[in-house]
Amino acid sequence: MPDELTDAQLVDLLRADRTAGFDLLYRRYAQRLFAYSVTVVRDRAAAEDATHESLMAAVAKIDKLRNPDQLRSWLFAITRNRCLTMATERNRFTDAEGVLDMIPVDEDPTAGVARDDSAALVAEALAGLAPADRDTLALALRHDLDMADVALAMGSNQPTARARISRAKAALTGSVTALLLARDAGETST
């Protein structure tokens, strides 16, 4: 029954009983917030810290949430701000390989080699993007936030969020294209 609560009902529960509400909040959002944190800080331990600190801050500030239906995007905004602070403090934006492998993903055992090659290509292309573009794509695509939620999480308006998403998608497309051309050139020269 508690897992079937809407976000607005979860907010009401948090306001009434922070302990019970935190448990449900954690089960519902911790994994998603952690996956997002990894894409921003690019360090597993820092992402764990950011997720924990963000959830604790959300519980402490739950009375400040004006619209309980915006809980999800509010949580991503808190997490994003915490990650950006950590990245600035610790200079965590790195090009470390294997970061995307840390993100929990449901595996499909029937998937073939083509999917693995595509995933590796996209991971390589993402690694070549600017941190701000990776952040934007993580919110919009990986975590399936709509335009209004992306804007809220980024602390901007919808036109700015739309422009950032468009720029990030174009950068990803360019990165994938460059990698494919480089691969093709490498195969034809051998």
Side-chain angles (χ1 to χ4, degrees), residues 2-18 20-43 46-90 92-93 99-100 102-105 126 129-173:
D3 289 335
E4 298 170 6
L5 295 177
T6 65
D7 279 352
Q9 291 169 324
L10 176 55
V11 169
D12 289 341
L13 176 61
L14 275 163
R15 288 176 176 161
D17 181 354
R18 296 195 187 224
F22 179 79
D23 180 57
L24 182 56
L25 180 73
Y26 185 88
R27 283 187 281 135
R28 186 174 290 177
Y29 286 106
Q31 186 174 2
R32 290 186 246 183
L33 296 174
F34 170 74
Y36 172 68
S37 296
V38 167
T39 64
V40 178
V41 298
R42 301 179 61 88
D43 177 277
E48 289 169 353
D49 290 345
T51 302
H52 176 74
E53 291 170 17
S54 298
L55 288 169
M56 296 302 291
V59 171
K61 298 176 184 177
I62 196 67
D63 292 329
K64 295 183 180 190
L65 177 60
R66 291 185 192 129
N67 184 347
D69 290 323
Q70 293 180 334
L71 175 65
R72 183 172 86 149
S73 54
W74 185 69
L75 290 170
F76 275 100
I78 291 171
T79 304
R80 180 176 188 269
N81 288 335
R82 182 64 199 131
C83 287
L84 293 176
T85 299
M86 291 175 80
T88 300
E89 290 171 354
R90 301 177 188 171
R92 292 282 188 191
F93 283 127
V99 167
L100 294 175
M102 290 187 273
I103 300 173
V105 181
L126 281 169
L129 295 181
D133 289 339
R134 281 194 307 267
D135 177 30
T136 301
L137 289 173
L139 288 170
L141 303 177
R142 175 102 175 121
H143 299 288
D144 198 28
L145 296 179
D146 64 22
M147 192 65 59
D149 288 339
V150 169
L152 184 65
M154 294 174 81
S156 68
N157 57 36
Q158 288 189 37
T160 300
R162 184 175 290 109
R164 286 180 180 173
I165 290 168
S166 178
R167 184 185 67 233
K169 285 180 178 179
L172 180 62
T173 300

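Contacts of Arg15 classified as side-chain hydrogen bond (donor to acceptor under 3.5 Å, both in side chains), with partners at least two apart in sequence or in another chain: none. Applying the salt bridge (charged side-chain N to carboxylate O under 4.0 Å, His left out) test to Asp146 and every residue at least two apart in sequence or in another chain returns nothing. With sequence neighbours excluded, the residues satisfying side-chain contact (heavy atoms from CB on, under 4.5 Å) with Ser54 are Ile78, Thr79, Arg82. Every side-chain hydrogen bond (donor to acceptor under 3.5 Å, both in side chains) that Thr160 has, sequence neighbours left out, goes to Asn157. Not counting sequence neighbours, Glu48 has no partner by the side-chain hydrogen bond (donor to acceptor under 3.5 Å, both in side chains) test. In terms of the salt bridge (charged side-chain N to carboxylate O under 4.0 Å, His left out) criterion, Arg164 has no residue partners (sequence neighbours excluded). Scanning for side-chain contact (heavy atoms from CB on, under 4.5 Å) contacts around Ala140 gives Val150, Ile165, with sequence neighbours left out. Remark: Gln158 pairs with Met147, Ala148, Ala151, Arg162 by the side-chain contact (heavy atoms from CB on, under 4.5 Å) rule, at least two apart or across chains. Residues passing the side-chain hydrogen bond (donor to acceptor under 3.5 Å, both in side chains) test with Ser156: none are found, sequence neighbours excluded. Partners of Ala77 by side-chain contact (heavy atoms from CB on, under 4.5 Å), not counting sequence neighbours, listed by chain and number: Ala153.
For residues 66-76, the pairs satisfying side chain to side chain donor-acceptor pair (under 3.5 Å) are Ser73-Asp149, with sequence neighbours left out. Legend: ring pair (Phe, Tyr, Trp, His ring centres under 6.0 Å) pairs involving residues 52-71, not counting sequence neighbours: none detected.
Under the 4.5 Å side-chain criterion, counting only non-hydrogen atoms from C-beta, Leu25 is in contact with Leu71. The closest side-chain heavy-atom distance from Lys169 to Leu137 is below 4.5 Å. Counting heavy atoms from C-beta outward, Arg28 and Asp7 have side chains that approach closer than 4.5 Å.
Only one option out of Val11, Leu10, Asp12 pairs with Ile62 in a side chain to side chain contact (heavy atoms under 4.5 Å, CB included); it is Val11. Partner of Asp135 under the salt bridge (charged side-chain N to carboxylate O under 4.0 Å, His left out) criterion, out of Arg80, Arg167, Arg42: Arg80 alone.
Note that OG1 of Thr6 and CG of Leu13 are 10.5 Å apart. Values are rounded to the nearest 0.5 Å.
Within 6.0 Å of atom CZ in Phe22, more than 12 heavy atoms from other residues, nucleotides or ligands are found, so the atom counts as buried in its surroundings.
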Stepwise side chain to side chain contact (heavy atoms under 4.5 Å, CB included) check, Val59 with Tyr26: CA-CA 10 Å; Val59 171; Tyr26 185 88; over 6 Å; no
Thr39 vs Tyr36, side chain to side chain contact (heavy atoms under 4.5 Å, CB included): CA-CA, chis, key distance, verdict: CA-CA 5 Å; Thr39 64; Tyr36 172 68; 3.9 Å; yes
query: Between Thr51 and Leu55, does a side chain to side chain contact (heavy atoms under 4.5 Å, CB included) hold up when you go through it step by step?
result: CA-CA 6 Å; Thr51 302; Leu55 288 169; 4.2 Å; yes
message: side chain to side chain contact (heavy atoms under 4.5 Å, CB included), that's the test. Do Leu75 and Arg32 meet it? Break it down for me.
response: CA-CA 10 Å; Leu75 290 170; Arg32 290 186 246 183; over 6 Å; no
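Among all heavy-atom pairs drawn from Leu129 and Arg134, the shortest one is O-NH1, 2.6 Å. Shown here for Met86 and Asp49, the closest heavy-atom pair between the two residues is CE-CB, 4.0 Å. Considering every non-hydrogen atom in both Val41 and Ala47, the closest pair reads CG2-N, 3.6 Å.
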